[in-house]
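Report on one structure; see the data block that follows.
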Amino acid sequence: MNDRLWLIGLLLPAMATAQVDSLTIAAKAPSHVLVLEASAGFDSNVIFNDLVLDLYRGRNLSREVRDRSYDALGNANRGGYLLDMNLAYTWGRWLLGRDKWRPRINVAYRSQLGLRFSRDAFALAFRGNKAFEGRAASIGPGTFQHVAYQEIGFGVEDHASGSFLAVSLVGGNRLRKAVINQADLYTATDGRFVELDLDGNYRRSDTSTVFKPKGIGAALSFSWRHPVHAAGQEMVVTVGAEDIGFISWGRGAGTIGKDTLIRYDGFTAQSILDLDGLIPEEENLRDSLGLGYTPGSFVTLLPGLVHARLEFGKARRGIGHVEHRAYSLSVAHRFSPGFVPCVSAVRHVALSRALSLGAGVGYGGYGGFRLGLGLEARLGKQVALTVGTDNAVGLVSSRSRGMALATRLEMAW
Amino acid sequence: MPRPLPRILAIVLTAFSLLVMGCRKDQPKPTWDMDVVAPLARTSLTIGDLVPDSLLDTDANGNVGILSTLHLFSLSLDTILAIPDTSLLYAYALPFPGPVSFPPGSTFNTNDDVTRFDLQNLHLTKLAVRSGRVDIAISNMMNGNIIGNFALPGATSGGSTLELQLALPPGTPSSPSVTTTTRELNGYLFDLRGPDLNATNALATHLWYANSPDGNAVTITDMDSLLAWVTYHDIIPEFASGSFGTREMEVEPATVELELFKHITGTLDLAQVDARLIIRNGLGVDAQARIHHIRSINTRTGTTVDLFAPLTSNPLNINRAVDLGSGFIPAANTFAVGQGNSNIEQFLENLPDQIGYALDLIINPLGDISNGHDFLYHDSKVTVDLEVEIPLRLIATNLTLAKLVDIDLPGTAEAHAWNSGILHLFAENGFPFSAAVQLEVVNASGETMALLDPGGTVPAGVLDGNGIVVQPGTARIDFRIGADKMNLLHQSGQLRVKAVFNTADQSDHVQIKDDYRMDLQLTMDANWVVNGNE
């Protein structure tokens, strides 16, 4: 129980993918709107939370914990995490001669990891290669990407509908990306040799500095919201994209690309009595296998998100003349390894004038089926705080998959 | 009217900053164990790994032998000729009460003398000085400026004799002036035959005093005197000749370490052994050696074997070096020791790690037969070496090689990734002997803390009818390292590798060939902890 309290404390404010949302209505729109959003979470369709939490906390991973996830593995194993913090500010009552437009600025930090992996790759990583003695382990195909970046965006927002368009300058912090088209690791009996049949590449950002940006890029984000009348009722359609762009990683970055067969049967000792370096260092081993980095810059796409949403049903007014619709149906996709299109349905219920509850179901993303919950509280007429999760079961069960928490603080004046 | 929100805004911005900056950087790394089988190392063992290459000798047929030279002792210059520091005092005073007045420039005393060096029974006629010096101190009690002159007519360098002049300021009997000077003697050649060229160890000396020509007349009485101290320091000869006399020098019993068999125990049966005692004489004197014993000492078994050979029972006459005028050629005097005239085979099969010896050396045993032309140079010495030649045609029975090996494992005694496991040693043995291999964890004192069992034996290669290996013997030997032994290994960082060799044929000697080899590969089957070294 304490473990979960700790996580909630750490991640507050944290993640969810906007099952709880608001619609800014044009009439008497406030002059200033500040929105702070933060979300964090991980998800997988196969890996249980106890394994992920032990990894995160630096604990010892018991055989039981590893075996539980291993037993759940199939042919399409996915996982990923997202840490996202964004602060957006809009102000004024007109821009470029249009009284519905106003400038928008935002700063954000995002760290995102996604992976798609084989059952054998998991077994090698968490159990070792002894089980593969005398046969090959199929490590591929698989993909892994971890990218962290900061951005500052400038744009314009239609305060009547909430639609906006923004262009961001992106500073890359870290990249690790592996694409394995095919990889088979054969372990000879008694470890006489190991043989890797590899077709893949690995890229990483500059590791020589910590605080200096390792790459630079640009991104485009937008959201277009439009009211429609269908089936005898008012609806709102939203389509949008977030961080559609790229990062050019600097010359300190490195690439390993191989389509080859590598055989290793131990280092050559001068004498059997000269066993210094019996266990080779990772770097020496990589050099022995011809897996040295080729330095040089390259460009990678950002793990951008595209989404569409349909909102309908009874509307409820919030702060700054915001209305919530009672129902929303969403579909989203992120360009990240292991992410599959995500669909969700949410029902909003007003509990009082100051409190409303959102509940929904979703499927896809890095994980599978899940239940979401959210709570919005209005603190006076100018502040609204939303806390939610798109995986309510994961927050309370280490035997489930995925865990997420999100918060949104909106101030209007 | 909307309330201003600076306070809330400040809180929001602070919280946002903390979230961005507050990522944990020092969180511990997760750990988990894995079962890993992997190759570690491979190598080839040749005869050069068992015996240092510098000792190996291969004939045209590829037969390998050992040629080892053991340096027993060396007799250098300082043992034969040491010139002691020598001091002489020359005093001058009026032999009557006086007073006597000497005008400026007048000489009032001349002293011709001979410096005799105490060289015991060496009688040198010539000495070239490599290094050394002469110090002169003169005390003046006279009331005028005196000139002191010192010369060595028998000491020349570049055709000039050594001369020194000292200005002696006035003094009194109660407060004499003292003037000193030093002259390096490096490169001077001393004629030690004295002023009449008929003596030995004698260097002509000339000392005289005069009133300074620039001063006043000096009036002296018998109370006024001049005292000169002449001291020869640290004379090291570059060359010396003369008659060195007959001298007997005792070389005290001593031992020298022998590396060749240091790590080997067991039984070794050699087919053939040859040895030579080589005495190199760099002195220009005849000599005779009487060897009391040459002893094979195996400190591990406590066994000693004395060498019995003609050279240990009869005196050995040693020829003198040849003088080239500016150098010398030492005389190499070789005394053969073979299986036919000695017990050299038993001597070496004792696997000595030390050789003991004791002998006497007599210089000029027949007297001065060179007629005073004995000589030595600074680099002259007498050396005694024992050279052994062992064709590696042998029978090895439980011949054991033990060696300590430093193991540089990652991690610490408290935290290490390698938890436990089995080391597999794969061998293809092309040698005509088997090798039983044993690994022990030892502490800093070399005491066994744990045995890595079970170990095993690599079989010998298969021999043909001529005793030549035609097919390697193969084996896999396992060494189990449990968690407790792994902890010990990390604590000590040392393994003792012990290999017990037995030749394939225990009745006939087998020949070791230079192309014999044993290919080895080490692999591990281990329980490995990810991030366990941290």
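So you know, we letter chains A, B, ... as the sequences are listed, proteins then strands, and number each from 1. Being a predicted model, the structure only gives us computed values, none of them experimental. Below, all heavy atoms of this structure are taken into account, side chains as well, without hydrogens, waters or symmetry copies.
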| said: Under the criterion side-chain contact (heavy atoms from CB on, under 4.5 Å), I'd like the reasoning laid out for A:Leu124 against B:Met34: C-alpha separation, chi angles, the key distance, then a yes or no. | reply: CA-CA 8 Å; A:Leu124 282 175; B:Met34 304 198 303; over 6 Å; no

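- When all heavy atoms are compared, the tightest approach of B:Val36 to A:Asn129 is CA-OD1, 3.2 Å.
- Comparing A:Ser62, A:Ser111, A:Ala125, A:Ser31 by how many heavy-atom pairs each has under 4.5 Å with chain B, the most go to A:Ala125.
- Summarising the geometry of A:Gly266 relative to B:Arg42, their closest heavy-atom pair is O-NH2, 3.1 Å, with the distance given to 0.1 Å.
- Residue B:Thr43 holds its OG1 atom at 9.0 Å from CZ of A:Phe267, rounded to the nearest 0.5 Å.
- Under the rule for a ring-ring contact (aromatic ring centres under 6.0 Å, His included), the partners of A:Phe122 that lie at least two apart in sequence or sit in another chain are A:Phe126.
- Shortest non-hydrogen contact noted between B:Pro39 and A:Asp265 is CB-C, 3.4 Å.
- For A:Thr268, the parts sitting under 4.5 Å from any heavy atom of chain B are the backbone and the side chain alike.
- To the nearest 0.5 Å, atoms CG (B:Asp525) and NZ (A:Lys130) are separated by 3.5 Å.
- Comparing A:Arg63, A:His32, A:Glu133 by how many heavy-atom pairs each has under 4.5 Å with chain B, the most go to A:Arg63.
- Contact annotation for A:Ala131: neither backbone nor side-chain heavy atoms come within less than 4.5 Å of a heavy atom of chain B.
- Considering A:Leu51, A:Asp54, A:Leu55 as possible partners of B:Trp32, the one that fulfils the side-chain contact (heavy atoms from CB on, under 4.5 Å) test is A:Leu55.
- When side chains are defined from C-beta on, A:Arg66 counts as touching B:Asp33, because their heavy atoms get closer than 4.5 Å.
- One distance of note links CZ of B:Arg476 with CG of A:Asp190; it measures 4.0 Å at 0.5 Å rounding.
- The list of side-chain hydrogen bond (donor to acceptor under 3.5 Å, both in side chains) pairs with a residue in residues 486-495 of chain B, not counting sequence neighbours, reads B:Asp406-B:Gln494, B:His416-B:Asn487.
- Only the backbone of A:Arg127 has a heavy atom closer than 4.5 Å to any heavy atom of chain B.
- Only the side chain of B:Asn527 comes within less than 4.5 Å of a heavy atom of chain A; its backbone N, CA, C and O stay farther away.
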